[in-house]
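Heads up: the structure comes next, in structure tokens.
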Amino acid sequence: EPEVTQTPSHQVTQMGQEVILRCVPISNHLYFYWYRQILGQKVEFLVSFYNNEISEKSEIFDDQFSVERPDGSNFTLKIRSTKLEDSAMYFCASRTGRVQETQYFGPGTRLLVL
Amino acid sequence: AQSVTQLGSHLSVSEGALVLLRCNYSSSVPPYLFWYVQYPNQGLQLLLKYTTGATLVKGINGFEAEFKKSETSFHLTKPSAHMSDAAEYFCAVTPNFGNEKLTFGTGTRLTIIP
């Protein structure tokens with residue numbers, strides 16, 4: 001069964017460093033999402049992406065964040081200058097364009113900013 | 001705008017007992033509703049979803065949920081808990097016009113007592 005994959009599974013970085021989190025959505029999916037979950041808190045929406053542009057973003061998704069689909073398979077989330085409060089689990093999700101279709105989530109990347 | 005309220009951040013039930021996880025939603029448009037499960041150190045897995053049609057929805061692992069519009073509820077139940085059900089459960093909502101972000105509840109951590 002096709003699944004969303006994410007790399008790396010864990011990343012440790014120093015405050016102020018840039019990180020890129022990578023996702024490979026399911027191949028026939030058209031809509032892509034990033035969510036994050038700070039430890040002990042609920043899953044929060046960051047951004048949605050369709051047709052090579054951002055379709056919606058949350059207040060969390062400020063100028064330090066960017067997303068890109070550099071080729072036909074990868075979907076990346078870049079944090080330009082990480083802060084301590086960026087430490088979280090980051091989930092990628094994707095879905096087809098069909099009505100009533102579910103978002104399928106990847107296993108997540110746990111980011112720790114020191 | 002949509003929101004989800006999950007009553008109880010923790011629930012403990014005995015093995016073999018009924019599991020009832022509560023979810024109430026608020027939505028300005030007809031919603032799609034979801035239950036996701038997160039096992040320790042893993043990503044989000046879809047348990048079941050309500051989009052249209054039958055209001056009693058059956059999912060994986062013996063779980064089911066009933067959409068009650070009059071009560072704005074989508075409670076998750078399982079008649080007999082199993083040790084493997086120990087996990088965190090998230091209710092989520094999205095507008096029914098499809099490709100929008102998921103809004104999650106705060107989650108309920110289910111513990112099964114042998």
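Note that the structure is predicted; figures quoted are calculated from it, not measured. Here is the naming used below: chain letters follow the sequence lines, and residue numbers restart at 1 for every chain.
- Linking ILVMFWY residues whenever their side-chain heavy atoms come closer than 4.5 Å, directly or via other members, leaves A:I20 and A:Y33 in distinct clusters.
- A continuous path of ILVMFWY side-chain contacts below 4.5 Å connects A:L84 to A:F61, so both sit in one hydrophobic cluster.
- Proximity to chain A (any heavy atom under 4.5 Å) is restricted, for B:L46, to the side chain, taken from C-beta onward.
- For B:Q6, no part lies near chain A; criterion is any non-hydrogen pair under 4.5 Å.
- Around the CD atom of A:E85, the shell of radius 6.0 Å holds more than 12 heavy atoms that belong to other residues, nucleotides or ligands.
- Annotation for A:R22: atom CZ does not count as buried by contact number, only 12 or fewer foreign heavy atoms lying within 6.0 Å.
- Residues B:F63 and B:V93 share a hydrophobic cluster, clusters being chains of Ile/Leu/Val/Met/Phe/Trp/Tyr side chains in contact below 4.5 Å.
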(request) Take A:F105 and B:L102 through the test side chain to side chain contact (heavy atoms under 4.5 Å, CB included) and record every step on the way to the result. (result) CA-CA 12 Å; A:F105 283 77; B:L102 286 166; 3.8 Å; yes
(request) Test B:T94 against A:F45 for side chain to side chain contact (heavy atoms under 4.5 Å, CB included), laying out the working first. (result) CA-CA 12 Å; B:T94 191; A:F45 168 78; over 6 Å; no
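- The side-chain heavy atoms of A:F91 and B:Q38, taken from C-beta on, include a pair separated by under 4.5 Å.
- Heavy atoms of other residues, nucleotides or ligands lying less than 6.0 angstrom from CG of B:L56 number more than 12.
- With contacts defined as side-chain heavy-atom distances shorter than 4.5 Å, the pair B:Y32/A:T102 does not qualify.
- Connection of B:Y36 to B:L47 is not established within any shared hydrophobic cluster, with ILVMFWY side chains joined at heavy-atom distances below 4.5 Å, either directly or through further cluster members.
- Annotation for A:D63: atom CG does not count as buried by contact number, only 12 or fewer foreign heavy atoms lying within 6.0 Å.
- For A:Q37, the part lying near chain B is the side chain, with the backbone staying farther off; criterion is any non-hydrogen pair under 4.5 Å.
- Rounding to the nearest 0.5 angstrom, the gap separating the CD atom in A:E44 from the CZ atom in B:F104 is 11.0 Å.
- Heavy-atom distances place the side chain of A:Y35, and not its backbone, under 4.5 Å from chain B.
- Summarising the geometry, atom CG belonging to B:L44 is positioned 9.0 Å from atom CE belonging to A:M89; distances are rounded to the nearest 0.5 Å.
- Within the 4.5 Å cutoff, no side-chain heavy atoms of B:T106 are placed close to those of A:Q41.
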